[in-house]
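Have a look at the structure below before the remarks.
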There are 2 protein chains.
Amino acid sequence: MRQKKTPAVANVTVLERLREAGLRPTRQRLALAKLLFARGHRHMSAEELFNEAKTHRVNVSLATVYNALHDFTEKGLLREISIDSNISYFDTNTGNHHHFYFERSGQLEDISEDHISISSLPPAPGGAEISRVDVIIRVKA
Amino acid sequence: MRQKKTPAVANVTVLERLREAGLRPTRQRLALAKLLFARGHRHMSAEELFNEAKTHRVNVSLATVYNALHDFTEKGLLREISIDSNISYFDTNTGNHHHFYFERSGQLEDISEDHISISSLPPAPGGAEISRVDVIIRVKA
DNA sequence: GGTGTCTTTAGAACTGTTCTAACGTCCTTG
DNA sequence: CAAGGACGTTAGAACAGTTCTAAAGACACC
Ligand SMILES: [Mn+2]
Ligand SMILES: [Mn+2]
Ligand SMILES: [Zn+2]
Ligand SMILES: [Zn+2]
């Protein structure tokens, strides 16, 4: 399939992000990355991204969506969040932050890191290295 | 099947816990509750409990294990924890507390509530009620 | 253009969990 | 006690999200 003649600025940016991450900017990855990163921070499931792709006439297989999400996550472009056993969310905000989780809708909302403070961490047994701290505030809504 | 003649003290305690919770103390529930609550706080998956039951010659179906875990959770005897999208853990410690999660082994370890403090919670949007705060510290071990 | 590596894909397979529908258990009430 | 009914258990089928397989496609490099 041909590329459009006039890629928007967003395209260029996304393309560079992929290259910098060491990922070949294939047609599919570019399209998915554009959907993911074009509009601010998002928390998306694979199924959501797959459907959004369909809506935008981006024809990718579901396997490709999963491949891309995992590739992006491995390269630090996304962060995977497990909240409700059985769906994985992928967060375009990769900085340290926390989440509201709306139980009714399944939506996530960011909480800035400096609203949460953890005092006197107990001895991480065996001096093990901490890889991440997740705070999830579940709200009934 | 017959009951043993001399139920240990633990049996009686467990039986009372089930009754107080409004759950009929069936043979299966009693046996599972005994496995769950007999020895301090535990974090178990359905599969683990199912296997432990087998080991102890407690013959229950997998469906019954799931039914019991969910019934116990609904009645406040257990707390369900979702950490690694695809397995649910059930925590016999139902008080407020947090967790270390050992990524390698998949094990959980409690962190006392007073080691974690959350300052100036942001506006829970729409004044929604908070149902729970989960802090998970993932460690590489 | 040839060659090797990476990517995509459809669909099958897998896995944890839930559902179905039949059967068992036991309490209630006459 | 008999009959009825609510509740509980079960094997296996079904389900849903995810991963795997194997083959075809794209592309970089020579
Ligand atoms: Mn994953
Ligand atoms: Mn559950
Ligand atoms: Zn986020
Ligand atoms: Zn715990």
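Note on naming: letters A, B, ... go to the chains in the order of the sequence lines (proteins, then strands), and numbering restarts at 1 for each one. Every value quoted in this text rests on a predicted model; they were computed, and no experiment measured them.
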Which pair of heavy atoms, one from A:Tyr89 and one from A:Ser45, lies closest together, and at what distance?
CD2-N, 4.2 Å
Any cation-pi pair here, B:Arg79 with B:Phe90, using under 6.0 Å and within 45°?
no
If I take atom [atom1] in residue [X] and atom [atom2] in nucleotide [N], what distance separates them, rounded to the nearest angstrom?
X       : N      : atom1 : atom2 : value
B:Leu62 : C:dT17 : CG    : C1'   : 8 Å
B:Leu23 : C:dT25 : CG    : C1'   : 16 Å
B:Ile83 : C:dG16 : CD1   : P     : 16 Å
B:Leu69 : D:dG8  : CG    : C1'   : 15 Å
A:Arg27 : D:dC27 : CZ    : P     : 8 Å
A:Leu49 : D:dG17 : CG    : P     : 15 Å
B:Phe50 : C:dT18 : CZ    : P     : 15 Å
A:Ile87 : C:dG16 : CD1   : P     : 17 Å

Of C:dT18, C:dG16, D:dT9, the nucleotide closest to the side chain of B:Asn67 is D:dT9
Choosing from D:dT9, D:dG17, C:dC19, which nucleotide comes nearest the side chain of B:Ala63?
C:dC19
Would you mind telling me which of A:Thr92, A:Asn93, A:Asp110 makes a side-chain hydrogen bond (donor to acceptor under 3.5 Å, both in side chains) with A:His43?
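Considering A:Thr92, A:Asn93, A:Asp110, a side-chain hydrogen bond (donor to acceptor under 3.5 Å, both in side chains) with A:His43 is found only for A:Asp110.
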Would you say [X] reaches [N]'s phosphate, i.e. side-chain N/O to OP1/OP2 under 4.0 Å?
X       : N      : result
A:His70 : D:dT19 : yes
A:Gln28 : C:dT9  : yes
A:Arg24 : D:dA26 : no
A:Thr26 : C:dC6  : no
A:Tyr66 : D:dT18 : yes

So, A:Arg29 and A:Asp71, do they make that salt bridge, N to O below 4.0 Å?
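Salt bridge present between A:Arg29 and A:Asp71.
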N-O pairing of B:Glu129 and A:Arg104 below 4.0 Å:
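Salt bridge: no.
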How is B:Thr64 classified with respect to the nucleic acid when contacts are heavy atoms under 4.0 Å: base, sugar-phosphate, or nothing?
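Touches a base.
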